Amino acid sequence: MSGAHSPISVYQLRLGATKVPFGQFYGGLEGWRGLSAFYRFATDKRHFIVVPIHAYLVEHPDDGLILVDTGINWRQAHEHGHYYRGMAHYLFDEDEYRLDRSEELPAVLARLGHRPEDITRVVLTHLHEDHVGGLAYLPGTEVVVSRDEWDNRDWRLFGFIPMVYEPSLQPARSVTLADFDSGPFENFPASHDLTADGVVKLLPTPGHTPGHSCVVVRLDDHGLLIAGDCLYTLRHLANGDVQAFGAGKRVEQHNASIRRLTELRARLPELIVLPAHDHTAYQSEHLGPGLAKGRLTAEERARIRRYEQSVFTADGRLRADRMPRYITCGSPDHVGGVSE
Ligand SMILES: [Zn+2]
């Protein structure tokens, strides 16, 4: 891919984990739709999975440190009931989030030699709690988010579950709204340049939330797609076989965004997908080790291609033996696993 020749590093940050119903991730084609999805979301307390929460740190030689998403903060995880006082968050479990001291954003940044105040800009793919909670460690840092996302803060999933908990956004005192007026990018009719050289771009991928966006980083010999929750995991690319839960027109919008990302991958075969919550070997064996050092080597990228071929057919469907299935582990809190 064409792009800058200056060294750009992209680190994956693991900022805790979250407990979700299996159907939230994988039930879209099996009845987790609309009111039924809401009912099951609120009542299915027997099929949980725990998935990691990832953010990404882009080190750009001219534009400094750009943090894409911020994970969760200590209070969300350990003082849940107090943090979400007075909220419709009774839907969510007290132990929804897992975070130990070594996974707090300042500790993770320190291991890379940075302090929170070194971050020049935060880019938010969307305003869900597990993406904005870490703003608490970054008061006053400039925040970039799509205008559609910001202006639809009142939007509620299923008309009921609020997207935004305003106190989590309080530290964002300087917000830049992206209008996607930097021109087309490949098959995307609109994009928003996040760096002056156009190497880091925001792309509109609505559906998961009204103004969800992805970030693409164009390096000299490959590209990275920070997918946020447009793709919970790599397998969600096969949206004819696996879909997250959802409701209403957002489902079709979300699927259209995934198809657009699929087409982008076809145009840019060296593009690597970085989901926010992948919990499979794709994460633990490939993305995690590779991006811990800020750069995927050619050999690591070749291994990722072979892994993708073991997951998807040539026409992008999920191989039959790769369909995610819930695995009961017999734990008292009903946290199970997912087949790979
Ligand atoms: Zn989300």
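Keep in mind that this is a model prediction, so the values were computed, not measured. Each ligand, and each atom within it, is numbered from 1 in the order the structure gives. Along the sequence shown, residues are numbered consecutively beginning with 1.
Comment: Glu340 does not engage Arg322 in a salt bridge, judged by the lack of any side-chain N to carboxylate O separation of less than 4.0 angstrom.
Nearest N, O or S atom of Asp229 to the Zn ion (ligand 1): atom OD2. Within His126, the N, O or S atom at minimum distance from the Zn ion (ligand 1) carries the name NE2. When you scan the N, O or S atoms of His128 for the one nearest the Zn ion (ligand 1), you land on ND1.
Summarising the local packing, CG of Asp321 is surrounded by more than 12 heavy atoms from other residues, nucleotides or ligands at distances under 6.0 Å.
Glu59 pairs by the salt bridge (charged side-chain N to carboxylate O under 4.0 Å, His left out) definition with nothing, not counting sequence neighbours.
Taking the six-membered ring where tryptophan is involved, the planes of Tyr326 and Phe22 are perpendicular, since the angle between them exceeds 60° and thus also 30°.
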